[in-house]
Amino acid sequence: SDATYAACPTGAAAAAGFTDTTSTDVDCIAMFGITTGTTATTYSPTDSVTRWQMALYLTRALAPAGGTLGAGVDQGFTDISGKSDAIQLAINQIGELGISNGKTATTFAPDDNVTREEMAMFIERWLTNVRAGQGGSSESDGVGTTDAGITYINGECGVDAGAKTCTGLYNYTDIDSGAITVEASMAVKELFTLGIHDGVSATTFNGTADMTRAAMASFLAAALDHTNLRPER
């Protein structure tokens, strides 16, 4: 279910100072240093998220959320050498964590845009590398039960904690019957039941569409609610 507490309670995050968005989700991830914007004063919310940007988002969010980053051992991607050291490090770190294994065994395609179905899988895998916080959901909450009302921060629907299913726990009409991959469909369902989405009233997920920077902020802010990350008092 949705997290009980919020990583960014109302009013906790000051305005990030971007002139092109007033999103509180953007303010939230800026407060924790997960984004610095595309410039000092712009966030570019309608721009698509590239794969190298995704690597930075997820690695910057991991340690504050209680995860542990590796040393960034070379994962064998032959197409990232033109990127900065920080970007190469982030790409290798998410490879180490199993969040992304690249487009192929030897290519990461850093400049490709991330689709929404890919992002669902990336965030679902990210969640397996962090600890559930107070008021969040964890796989251990449902050991030995098949209660469909329980959701798991690090288990796919229909796989972990018995025969749990997500049937009826989501309202998307475009994630089954081959519209997106089975793994992506499971990830989307899991995230939806955890309250990690960008519109509960929508009936379409649009899995093949590019992930925007605005949507990335919304997904990450909601995911952070399930962790121990909280603002300082």
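Residues: numbered from 1 along the sequence shown. These figures come from a predicted structure and were not determined experimentally.
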**Steps toward side-chain contact (heavy atoms from CB on, under 4.5 Å) verdict (Gln75, Val73)** = CA-CA 6 Å; Gln75 298 297 294; Val73 175; 4.2 Å; yes
**Request:** Check the pair Ile196, Leu127 against side-chain contact (heavy atoms from CB on, under 4.5 Å), reporting the backbone distance first and the verdict last.
**Result:** CA-CA 11 Å; Ile196 302 170; Leu127 286 168; 4.0 Å; yes
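A search for salt bridge (charged side-chain N to carboxylate O under 4.0 Å, His left out) contacts involving Asp176 returns Lys189, not counting sequence neighbours. Under the side chain to side chain donor-acceptor pair (under 3.5 Å) criterion, Thr46 pairs with no residue, sequence neighbours left out. With sequence neighbours excluded, the residues satisfying salt bridge (charged side-chain N to carboxylate O under 4.0 Å, His left out) with Asp112 are Lys103. Every residue two or more places apart in sequence or in another chain that forms a ring pair (Phe, Tyr, Trp, His ring centres under 6.0 Å) with Phe205 is listed here: Tyr172. Taking the ring pair (Phe, Tyr, Trp, His ring centres under 6.0 Å) definition, one finds that Phe108 meets it with Phe77, sequence neighbours left out. Thr106 is linked by a side chain to side chain donor-acceptor pair (under 3.5 Å) to nothing, counting only residues two or more places apart in sequence or in another chain.
Taking every heavy atom of both residues into account, Ala120 and Val188 meet most closely at CB-CG2, 3.7 Å. Closest approach of Trp52 to Ile87, counting heavy atoms only: CE3-CD1, 3.4 Å. Looking at every heavy atom in both residues, Tyr43 comes nearest to Ala214 through CE2-N, 4.0 Å. Between Thr50 and Pro110, the closest heavy-atom pair is CB-O, 3.8 Å. Closest approach of Gly98 and Arg125 over heavy atoms only: O-CD, 3.4 Å. Between Asp74 and Gly76 the shortest heavy-atom distance is OD1-N, 2.7 Å.
Met211 CE to Asp47 CG: the interatomic distance, rounded to the nearest 0.5 Å, is 14.0 Å. Atoms CG and CG, from Leu97 and Asn129 in turn, are 4.5 Å apart once rounded to the nearest 0.5 Å. In this structure, CE on Met119 lies 9.0 Å from CZ on Phe219, to the nearest 0.5 angstrom. The CD1 atom of Ile94 sits 9.5 Å away from atom CG of Asn101, with the distance rounded to the nearest 0.5 Å. For the atom pair Ile175 CD1 and Ser185 OG, the distance stands at 4.0 Å (nearest 0.5 Å). We find the CD1-OG1 distance between Ile29 and Thr24 to be 11.0 Å, quoted to the nearest 0.5 Å.
The side chain to side chain donor-acceptor pair (under 3.5 Å) pairs that include a residue from residues 80-91 are Lys83-Asp111, where partners are two or more places apart or lie in different chains. Residue pairs that meet the side chain to side chain donor-acceptor pair (under 3.5 Å) test with at least one member in residues 204-215, sequence neighbours left out, are Ser48-Asp210, Tyr57-Arg213, Asn113-Asp210. Evaluation of the side chain to side chain donor-acceptor pair (under 3.5 Å) test over residues 215-224, restricted to residues two or more places apart or in two chains, returns Asp25-Ser218. Applying the salt bridge (charged side-chain N to carboxylate O under 4.0 Å, His left out) definition to pairs two or more places apart or across chains, those involving residues 113-122 are Arg116-Asp198. Sequence neighbours left out, the pairs with a member in residues 23-65 that pass disulfide (SG to SG under 2.5 Å) are Cys8-Cys28.
Looking at Thr203, its side chain never comes within 3.5 Å of a backbone N or O of Thr173 through a donor-acceptor pair.
Exactly one residue among Arg51, Met121, Gln53 makes a side-chain contact (heavy atoms from CB on, under 4.5 Å) with Val114. That residue is Arg51.
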Distance-only check: which donor-acceptor pairs under 3.5 Å involve side-chain atoms of residues 58-70, not counting sequence neighbours?
unit_1, atom_1, unit_2, atom_2, d
Thr59, OG1, Ala55, O, 2.8
Thr59, OG1, Leu56, O, 3.3
Arg60, NH1, Ile34, O, 3.3

